[in-house]
Every structure is written in structure tokens, then in C-alpha cells.
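For ligands, and for the atoms within them, numbers begin at 1 and follow the listed sequence.
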Amino acid sequence: MAGRIRLWSGYVLFFYVVTHLLNHALGLISLRVLEAGRIWFVFIWHNPIGQVALYGALLAHFCLALWSLYRRRTLQLSRWEWGQWILGASIVPLGTIHVIGTRLAYELYNVESGYPWVLGSLLASDWTVVARQFSLPLVVWLHACIGLHFAWRLRPWYRPWLPVLYAFALLVPVAGIAGAGIALRDVAELAQRPGFLDELFARARAPTAAQIATLYAIANALEFTALGLLVALILAHPVRTLWQRRAGVVHLSYGERRTASHATGLTVLEMSRIAGIPHASVCGGRGRCSTCRVRMGGEDRAKLPPASTEEQKVLSRVGAPANVRLACQLRPPPGHYRVTPLLPPSTGPVEAYRRQPQAHGGEHYVAILFADIRGFTSISEGKLPYDVVFLLNRYFRATGQAIEAAGGRVDKFIGDGVMAIFGLTSEPRTACRQALDA
Ligand code: HEM
Ligand code: HEM
Ligand code: FES
């Protein structure tokens with residue numbers, strides 16, 4: 001559920017950024033068109049629904065990002081996960097003053113927080129503020145694109161649409177940043193005229209020096225709170241591990257004398273990663289791809305908690321039997337378990353949606369029928385090879401038809417013998433009856 005809300009809040013924020021950057025792109029035409037285009041931006045976002053959606057999504061996304069950090073017991077992340085985390089965390093120091101200086105400045109001091117105010121205040125600041133403002137769209141865009149790529153690459157429609165999405169991912173930020181840059185240059189040219197900036201600030205009802213100091217203080221307080229939360233979560237990590245060690249230890253055995261033991265609370269995937277056991281995890285442990293699925297056995301397997309609705313949905317999608325679980329979602333209680341990863345570590349996104357019910361393995365009662373031709377050796381001794389093949393082919397056709405008609409499945413032919421399985425889709429009692437019928 002948390003993963004889903006984080007994704008949907010990411011969609012809302014992404015839509016906001018797209019509309020914002022498209023608005024900036026109008027700066028490529030003229031300052032007048034840039035400010036006129038803001039009408040659409042204001043229409044979408046400056047109403048109670050837009051504001052609740054935007055700031056609700058921002059708050060939810062931030063809290064759920066922290067929650068996902070708290071839930072992770074190991075910081076052994078893949079390169080793209082590190083990238084997404086670092087970019088996501090940099091959005092806070094890069095973007096807080098921008099949001100406070102526009103939205104909150106309007107709420108507190110009735111500042112007309114449109115392009116004249118933002119561009120004018122950028123001109124009046126030093127280059128670090130400008131660099132910060134212009135790196136914000138890049139960082140946000142990269143962060144969102146990594147997230148969307150890894151969320152969407154599992155979907156069957158993603159590959160055919162990739163060229164269009166690439167074009168979109170390139171054009172929107174380039175046009176947005178170029179538009180904002182050209183608008184800033186245009187305002188800088190106009191500012192050569194004496195008194196232009198004073199006039200601009202007066203029309204935008206710019207905040208006083210004391211009010212600006214208050215806005216900076218609020219932004220700093222928010223940034224420090226975010227940093228404090230991040231540090232607290234990282235520090236909570238060893239404390240929680242100590243606490244959980246008292247609750248008991250989980251022992252996993254992977255066969256071939258590979259084992260992993262850890263205090264309870266970790267997912268099977270996290271334990272595999274800590275023990276250096278390679279494991280497929282296309283979606284990075286978000287419970288979406290199913291490639292981390294494992295067959296669970298061992299003496300304590302009855303203690304395993306049942307799969308959540310979300311996990312069950314993903315498992316049903318690939319037709320997994322009851323003893324198969326998602327390694328990234330399963331947190332076993334203390335005990336001894338046997339883990340068999342079902343897909344090779346090199347598995348790619350294509351396998352994520354493939355239904356392979358037989359490939360999972362599993363325990364199943366079946367009836368097996370073996371039959372061969374009585375006295376086949378003496379029959380074949382006096383015959384030409386061609387005649388023997390003819391005889392065998394007729395025999396295989398007859399036995400195959402009889403087995404299929406009775407509800408069984410031919411497994412293999414061995415010389416003159418046939419091996420058939422009954423009961424793949426029926427009860428053991430019926431399976432035996434079917435084998436006798438055949
Ligand atoms: C992708 C990075 C950016 C993000 C996430 C972002 C975010 C925001 C947010 C949350 C607001 C407050 C909106 C509101 O009033 O509710 C805002 C306002 C604004 N931003 Fe950005 N911004 C970004 C980049 C930029 C850049 C590069 C510029 C141009 C120099 C810019 C110009 C403005 C302007 C003019 C406003 C006031 C808009 C209005 O109230 O209608 N933003 N931005
Ligand atoms: C306008 C800003 C933002 C946009 C458009 C955005 C977009 C996204 C998207 C689309 C995802 C993928 C969602 C998923 O796979 O569940 C994501 C994930 C993530 N976002 Fe953001 N995000 C923004 C701001 C932030 C901020 C401020 C943070 C602060 C820490 C952040 C941290 C994260 C993290 C850590 C993840 C990955 C979580 C995980 O690995 O489980 N994001 N973001
Ligand atoms: S890693 Fe994708 S579902 Fe577990």
C-alpha cells in the first residue's frame with residue numbers, strides 16, 4: 001500500500017513539474033507569453049483541489065520515502081537506487097527556499113509570486129542562488145525519470161512506447177530550462193534601465209528585508225527538520241537491530257552449503273544481499289516484479305506469516321503455488337527455513353510477467369503409469385528395423401490416445417516403454433482411477 005501511495009504521489013508531483021516546465025518553455029517566445037501561459041498553470045494548481053493534491057502529494061511522498069528508508073534494513077542498494085535516493089534527498093535543500101519564496105510569500109505577505117518576482121529576485125541574488133534554481137529542475141527530472149523507468153519497465157506497453165517517452169523526457173526539461181534561462185536573460189537586459197527592478201518589485205509587492213529574513217528562517221528550519229529526520233532514521237538502524245536480536249534469529253539455508261543468519265525483521269531478499277547471495281530483484285524490492293520469488297521450506301515454514309493482499313496479487317499474476325513467496329516482502333519470524341530462488345540472478349524485466357506455473361516446482365500427489373510391450377525383445381529380434389519402427393509408432397499413438405483420453409499426460413517414451421502422469425489437475429483418488437482406465 002505504501003509503495004502504491006508513493007508511486008501515485010510521484011505521479012502527481014511529476015505532472016506538476018511537467019506543467020511548470022512547459023510554462024517555463026514559453027519563455028523561449030517572450031516574457032509576455034511566459035506570464036500569460038501562467039494562467040493555465042494557475043487554473044490547474046491554484047484552487048483547493050490542486051493545492052491539496054500538490055502539497056498532499058509532496059508531504060506523502062516525502063514521508064513515504066523516509067518510511068521506505070526506515071523499513072530497509074540494509075543499505076546495500078543497486079546503483080540506480082542510490083542515484084534515486086541521492087537525487088531525491090537533494091531536492092529538499094535545492095527546492096525549499098523556492099517553494100517558501102513563492103507559495104508561502106504569497107500566503108504570508110501577499111507577494112505576487114509570478115515570473116517577475118522569481119526572475120527579479122534571481123537577478124538580485126548571487127550566482128549560487130541562480131545555480132541552485134536551475135539545477136532543481138534537472139535533479140527533480142532525473143529523480144522522477146529513474147522512478148518512472150523502474151516502475152514502468154515491467155509493464156508490457158513500456159517497450160513499444162520507449163522512443164516517444166525518451167523524446168518527452170529530453171524535450172520537456174530542455175525546453176523548460178532553456179525557456180527559464182532566456183526569460184532571465186531578457187529580464188537582465190530590461191534591468192539595464194535604471195529603476196526597472198524597483199518598479200518590478202513594487203508591482204510584485206515584494207517582501208521587505210525583514211520578511212525575506214523570516215522566509216529564509218522558515219526554509220532553513222524545514223531543511224534542518226528534514227535532515228534531522230534523515231539522520232535519526234539512519235541512527236535508529238543499529239538500535240533497532242540490537243532490539244530485534246533479542247527477539248530471535250532467522251536462519252536461512254540456500255542449499256550448496258550457503259546459509260544466512262540474522263536478527264529477525266529483515267526480508268529474505270535483504271538477508272540474501274547481506275550474505276552476498278546473488279538474487280534477482282528487477283523492481284529493487286518494491287514488490288512489483290515477482291522476480292525475487294522463492295520457494296520456502298524447512299522445519300519452521302508453518303510459522304511464516306501469510307502473504308499480504310498486495311503480495312498475493314503479484315504472486316497470482318505469475319500463477320505461483322502456496323509455498324512460493326516474494327523474497328522482498330517476506331520477513332520470516334525466528335526459525336530455520338530453506339530458501340530456493342526460482343529465477344536466476346540475471347533475470348530481466350521480461351520474465352516478470354511470464355506465467356510459469358510448472359517452473360516453480362512444488363509437491364503434488366500424482367499417479368504414474370509405466371507400460372511397455374510384453375516380449376518386445378523377442379518380437380523385434382525377428383523383424384526388420386523398418387517394421388520395428390512402424391510397430392512402435394502405432395503403439396505410441398495408441399497408448400498416447402488412451403492416456404490423454406483418460407485425463408493423463410504422456411511424460412516420455414523410453415524404448416518400447418511409456419511413462420504417463422495422472423493427477424496434475426485432479427485428486428489422487430481420481431488420478432489412480434484414470435491411470436487404471438487408460
Ligand atoms: C523542477 C523544478 C521546480 C520545482 C519542483 C518547482 C516547484 C514550485 C512550487 C511548488 C511552486 C509553488 C507553487 C504554488 O504557488 O503553489 C513554484 C512556484 C513558482 N516557480 Fe517553481 N519549481 C521548479 C523550478 C522552477 C524554475 C527553474 C523556475 C524559473 C525560474 C520556477 C519559477 C516559478 C515561479 C514563477 C513560481 C510562481 C508560480 C505561481 O505561483 O504561479 N520554478 N515552483
Ligand atoms: C517534485 C518532486 C518529486 C517528484 C516528481 C518525484 C517523483 C518520484 C517518482 C515517480 C518515484 C518512483 C515511485 C516509486 O517507484 O514508488 C519516486 C521515488 C522516490 N522519491 Fe521522489 N519525487 C519527488 C520528490 C522527492 C523528494 C523531495 C524526496 C525526498 C527525500 C523524494 C524521495 C524519493 C525516494 C527515496 C524514492 C524511492 C523510494 C524507494 O526506493 O522505495 N522524492 N519519486
Ligand atoms: S524484487 Fe520485485 S517483487 Fe521482489
query: Between Arg153 (side chain) and Phe150 (backbone), is there a donor-acceptor pair under 3.5 Å?
result: no
Qualifying residue for side chain to side chain donor-acceptor pair (under 3.5 Å) with Glu311, from Arg325, Gln329, Arg293: Arg325
message: Applying side-chain hydrogen bond (donor to acceptor under 3.5 Å, both in side chains) to Arg286 and Ser68, what does each step give before you reach the verdict?
response: CA-CA 10 Å; Arg286 287 170 177 71; Ser68 114; over 6 Å; no
task: Anything under 30° is parallel, anything over 60° is perpendicular, the rest tilted; go ahead and classify Phe396 against Phe413.
output: tilted
field: Close residues, ligand 3: non-hydrogen atom nearer than 4.0 Å
entry: Ser281, Cys283, Gly285, Gly287, Arg288, Cys289, Ser290, Cys292, Cys328
message: Can you confirm if the aromatic rings of Trp157 and Trp152 lie within a centre distance of less than 6.0 Å?
response: yes
Close aromatic pair by centroid cut-off 6.0 Å: Tyr16 and Phe41: yes
